[in-house]
Amino acid sequence: MLIVVVAVLLSVLLGALLVIPQLKKTGNSKTAQKSSTSKVSKTYTKAEISLHNKKTDCWIIIKDKVYDVTSYVEEHPGGDAILAHAGDDSTEGFFGPQHATRVFDMIDDFYIGDLEH
């Protein structure tokens, strides 16, 4: 009987150890999303954005929103293709057939502001 109780308790603890980290990850991402959407966005001119046109400093414009993708350049599955429009409008390339739908979720992490009109 004691062995059964110990086995049940260990199962519950193991289950909790597996579930709790997943809940924390989910909670953190929601918090990050809330904070990124609630902060006041900065506006940038095309001239400002054009200065960020290299591998070590890469900003892009997608649908009039500005993204600093510098930290992603090295990870980009398409290699240096991401640099083709560095410092410029990348809308057409971003929505190209080569991108999986997950990029649409990822891009929000790099948002820094809006294009000034």
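Numbering starts at 1 and runs along the sequence shown. Every value quoted in this text rests on a predicted model; they were computed, and no experiment measured them.
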Could you walk me through whether D64 and D114 pass the side-chain contact (heavy atoms from CB on, under 4.5 Å) check?
CA-CA 6 Å; D64 293 337; D114 296 314; over 6 Å; no

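- Side-chain heavy atoms closer than 4.5 Å link hydrophobic residues (I, L, V, M, F, W, Y) into clusters, and following such links, possibly through other members, connects I107 to Y111.
- Closest of all the heavy-atom pairs between L115 and T45 is CD1-C, 4.3 Å.
- Hydrophobic clustering keeps M106 apart from I112 (ILVMFWY residues linked when any side-chain heavy atoms are closer than 4.5 Å, directly or through intermediates).
- The cationic atom of K46 (NZ for Lys, CZ for Arg) does not lie both less than 6.0 Å from the six-membered ring centre of Y44 and within 45° of the ring axis.
- Between V73 and C58, the closest heavy-atom pair is CG2-CB, 3.8 Å.
- Interatomic distance, F110 CZ to Y72 OH, rounded to the nearest 0.5 Å: 7.0 Å.
- Cluster membership check: W59 does not share its hydrophobic cluster with Y67, using side-chain heavy-atom separations under 4.5 Å among Ile, Leu, Val, Met, Phe, Trp and Tyr.
- Figure legend: K63 and F94 shown without cation-pi pairing, the cationic atom not lying both under 6.0 angstrom from the six-membered ring centre and within 45 degrees of its axis.
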Give the table of side-chain donor-acceptor pairs shorter than 3.5 Å for residues 79-89, with sequence neighbours excluded, one pair per line with atom names and distance.
residue : atom : partner : partner atom : Å
D80     : OD1  : K55     : NZ           : 3.4
D89     : OD1  : T91     : N            : 2.8
D89     : OD1  : T91     : OG1          : 2.6

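- Taking Ile, Leu, Val, Met, Phe, Trp and Tyr as hydrophobic and joining them when side-chain heavy atoms fall under 4.5 Å apart, one finds L51 isolated, its cluster having no other members.
- By the 30° and 60° cut-offs, the orientation of the rings of F104 relative to F95 is parallel.
- E74 contributes atom CD, which lies 10.0 Å from atom OG1 of T56 (distance to the nearest 0.5 angstrom).
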